[in-house]
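First up is the structure itself, then whatever we jot down about it.
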Amino acid sequence: MRIFLLATSIIECVVKIILEDSEIHRILANCDPELPNDVASIIRYENPKECLNQIVSGQLDADRMDYLLRDAYFTGTSYGKFDLERILRTIRLKDERIVVKQSGIHSVEDYIMARYHMYWQVYLHPVARSYEALLSIMFQRMKDVAKKDPDVLREVSMFHPFLFKKEPDIEDLYQMDEPAAFYGFSRLLYCGDEILCDIAYRILNRKLFAYKTIESEKDYTAICDKVAAMGYDPTYYVYRDAVSQRPYSPYSIQDNPHNILVLQEDGSIKELSEASEIVKALTRADLKEEHKIYYPIEHLANEDVRIKTKTHKDYKESTIWQLSE
């Protein structure tokens, strides 16, 4: 879903669903007419009760703790595991802010390291990034085709609101789920645009781009030249990616005040890096950066090329012929 909403805040899309005419809005409004506005203010981090904003967005928020454990389970890794129950038992409310008791610091330290390792081993893994590269390329190509020859995209109406509308409405957001997206990819195999056909085939059949760490502009230019020599357009077949991560970096108060706060035994409150020697050391660690480039290293097999160059008309005719047999 994130790929479709590059120009639109995901937060605002959720707020739109809550505030406009939807089933969720009606359920909330039936409980209290002001409840939709209250929930929307929490999602926007604008609620007067700071602790509610902390639950939604912060260094130790509900979303992060949920997705780390869930993603660790479904990817079969142990990187994202931490003692959630212990953290919840040591959480307290102090001056309308969520804090963690000093006795819960060790569990929070485990959480910080779990988050760091999950990002590098799962979320930022080159294979995962290669998929994201293909998706980004596909939607960039669709946007370009939509401006020049929109009829090419006539069979993928599920993408139209995100290509031709200034702002998708609630129904558009509901309709664009994973099955709809993958059905759209399958229709692009026969859209007639060679680049879209090829990228869609790669996504559906796991024909991912290769990747290489680049050290300079010279490396980037060399790969662009190599890809162009293979007959590919580097605009769509060379994807540059840069990622960086520190084990832990407290938010600046101006950007986001929702740091992890530790309740000391004397009742005072300290930011986590001031209360934990381990986390303090992590804040001083060098920023880890990776600069990679994703690109095809060979043409698809002959049978793959035949599939991707097949037009929508060819597809319909072959389907009718098979049904008549």
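- For the residue pair Glu215 / His291, no side-chain donor-acceptor distance below 3.5 Å is found, with atom types taken as modelled.
- With sequence neighbours excluded, the residues that form a ring-ring contact (aromatic ring centres under 6.0 Å, His included) with His160 are Phe164.
- A donor-acceptor distance shorter than 3.5 angstrom exists from the side chain of Asp266 to the backbone of Ser268, with no hydrogens or angles considered.
- Within the 4.5 Å cutoff, no side-chain heavy atoms of Asp83 are placed close to those of Asp110.
- For Gln102 (side chain) and Leu263 (main-chain N/O), no donor-acceptor pair under 3.5 Å exists by modelled atom type.
- Note that CG of Asp193 and CE of Met142 are 10.5 Å apart. Values are rounded to the nearest 0.5 Å.
- Checked by atom type and distance alone, the side chain of Asn205 pairs as donor or acceptor with a backbone atom of Tyr201 at under 3.5 Å.
- Every ring-ring contact (aromatic ring centres under 6.0 Å, His included) that Tyr123 has, sequence neighbours left out, goes to Tyr67, Tyr119.
- Note on Tyr73: it does not cluster hydrophobically with Leu69, by side-chain heavy-atom contacts below 4.5 Å among ILVMFWY residues.
- Other residues, nucleotides and ligands contribute over 12 non-hydrogen atoms within 6.0 Å of the CD atom of Glu289.
- Environment of NZ in Lys49: sparse, with no more than 12 heavy atoms of neighbouring residues, nucleotides or ligands closer than 6.0 Å.
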- Task: Carefully, step by step, assess Val238 and Tyr294 under the rule side-chain contact (heavy atoms from CB on, under 4.5 Å).
- Result: CA-CA 6 Å; Val238 178; Tyr294 295 83; over 6 Å; no
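- With a 4.5 Å cut-off on side-chain heavy atoms, Val56 and Asp63 do not count as touching.
- No side-chain heavy atom of Arg246 sits less than 4.5 Å from a side-chain heavy atom of Thr283.
- Side-chain atoms of Asp233 come within 3.5 Å of backbone atoms of Thr235 as a donor-acceptor pair (strictly under, hydrogens ignored).
- To the nearest 0.5 Å, atoms CG (Leu52) and CD1 (Ile43) are separated by 11.5 Å.
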task: Could you please spell out the steps behind the side-chain contact (heavy atoms from CB on, under 4.5 Å) verdict for Ile91 and Val99?
output: CA-CA 6 Å; Ile91 282 179; Val99 298; over 6 Å; no
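- The backbone N or O of Pro126 lies less than 3.5 Å from no partner atom in the side chain of Ser130, so there is not a single donor-acceptor pair.
- Side-chain N/O atoms of Asp198 and Tyr237 include a donor and acceptor closer than 3.5 Å.
- Val156 approaches Gly184 most closely through the heavy-atom pair CG1-O, 3.5 Å.
- Both Leu135 and Leu204 are part of a single hydrophobic cluster, where members link through side-chain heavy atoms under 4.5 Å apart.
- When all heavy atoms are compared, the tightest approach of Ala275 to Gln264 is CB-NE2, 3.7 Å.
- The structure places OH of Tyr116 at 9.0 Å from CG of Leu282, a figure rounded to the nearest 0.5 Å.
- Minimum interatomic distance between Pro36 and Leu19 (heavy atoms only, all atoms of both residues): O-CD2, 3.6 Å.
- Residue Asn30 qualifies as enclosed at atom CG: its count of foreign heavy atoms under 6.0 Å is above 12.
- Under a 3.5 Å cut-off, the side chain of Arg202 and the backbone N or O of Pro296 do not form any donor-acceptor pair.
- For Arg240 and Tyr220, the positive end sits near the middle of the six-membered ring, less than 6.0 Å away and at most 45° from its axis.
- Residue Leu196 holds its CG atom at 6.5 Å from CG of Leu153, rounded to the nearest 0.5 Å.
- Ser249 and Gln59 get closest at one heavy-atom pair: O-NE2, 2.8 Å.
- Side-chain contact check for Gln54 and Glu50: no donor-acceptor pair (N or O, by modelled atom type) lies under 3.5 Å.
- Using a 4.5 Å cut-off on side-chain heavy atoms (C-beta onward), Ile269 and Lys94 make contact.
- Using modelled atom types and a 3.5 Å distance limit, the side chains of Ser273 and Glu271 yield a donor-acceptor pair.
- Shortest non-hydrogen contact noted between Arg86 and Ser103 is NH2-O, 3.2 Å.
- Ring centers of Phe162 and Phe159: at least 6.0 Å apart, outside the cut-off.
- Counting heavy atoms of neighbouring residues, nucleotides and ligands inside a 6.0 Å radius, atom NZ of Lys292 exceeds 12 of them.
- Side-chain contact check for Arg115 and Gln245: no donor-acceptor pair (N or O, by modelled atom type) lies under 3.5 Å.
- Side chain to side chain, Asp144 and Tyr236 meet the donor-acceptor criterion of an N or O pair below 3.5 Å.
- Between Ile170 and Asp21 the shortest side-chain heavy-atom distance does not fall below 4.5 Å.
- Side-chain atoms of Asn53 come within 3.5 Å of backbone atoms of Asn47 as a donor-acceptor pair (strictly under, hydrogens ignored).
- Two residues are said to be in side-chain contact when any heavy atoms from C-beta on lie closer than 4.5 Å; Ile105 and Val100 fail this criterion.
- By the criterion of side-chain heavy atoms lying less than 4.5 angstrom apart, applied directly or through intervening Ile, Leu, Val, Met, Phe, Trp or Tyr residues, Ile55 is grouped together with Leu93 in one hydrophobic cluster.
- With contacts defined as side-chain heavy-atom distances shorter than 4.5 Å, the pair Arg64/Asp61 qualifies.
- One hydrophobic cluster holds both Leu84 and Met113 under the rule that ILVMFWY side chains link at heavy-atom gaps under 4.5 Å.
- Linking Ile, Leu, Val, Met, Phe, Trp and Tyr residues whenever their side-chain heavy atoms come within less than 4.5 Å places Tyr239 and Ile297 in a single cluster.
- A salt bridge does not link Lys101 with Glu265: none of the charged nitrogens is closer than 4.0 Å to a carboxylate oxygen.
- Taking the six-membered ring for Trp and thresholds of 30 and 60 degrees, His117 and Tyr79 have ring planes inclined between 30 and 60 degrees apart.
- Looking at Arg154, its side chain does come within 3.5 Å of a backbone N or O of Asp151 through a donor-acceptor pair.
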Going through the distances and angles, do Ile87 and Met65 end up as a side-chain contact (heavy atoms from CB on, under 4.5 Å)? CA-CA 10 Å; Ile87 291 177; Met65 291 192 286; 4.3 Å; yes
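- Contact check on Glu23 versus Arg26 returns no salt bridge, with no Lys/Arg side-chain nitrogen under 4.0 Å from an Asp/Glu carboxylate oxygen.
- Remark: the backbone N or O of Asp169 is paired with a side-chain donor or acceptor of Asp172 at under 3.5 angstrom.
- Between the CD1 atom in Ile42 and the CZ atom in Arg44 there is a gap of 12.5 Å [rounded to 0.5 Å].
- Judged by distance alone, with hydrogens and angles left aside, the side-chain atoms of Thr221 form no donor-acceptor pair with the main-chain N or O of Lys218 at under 3.5 Å.
- Comment: Arg129 engages Asp241 in a salt bridge, judged by a side-chain N to carboxylate O separation of less than 4.0 angstrom.
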Give the C-alpha distance, both sets of side-chain angles, the deciding distance and a yes or no for side-chain contact (heavy atoms from CB on, under 4.5 Å) between Tyr174 and Ser22. CA-CA 10 Å; Tyr174 282 148; Ser22 66; 3.5 Å; yes
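- The distance from atom CG of Leu163 to atom CZ of Phe139, rounded to the nearest 0.5 Å, is 8.0 Å.
- Side-chain atoms of Ser276 and Glu109 form a donor-acceptor pair, as typed in the model, at a separation below 3.5 Å.
- Between Cys197 and Leu188, the closest side-chain pair of non-hydrogen atoms is not below 4.5 Å.
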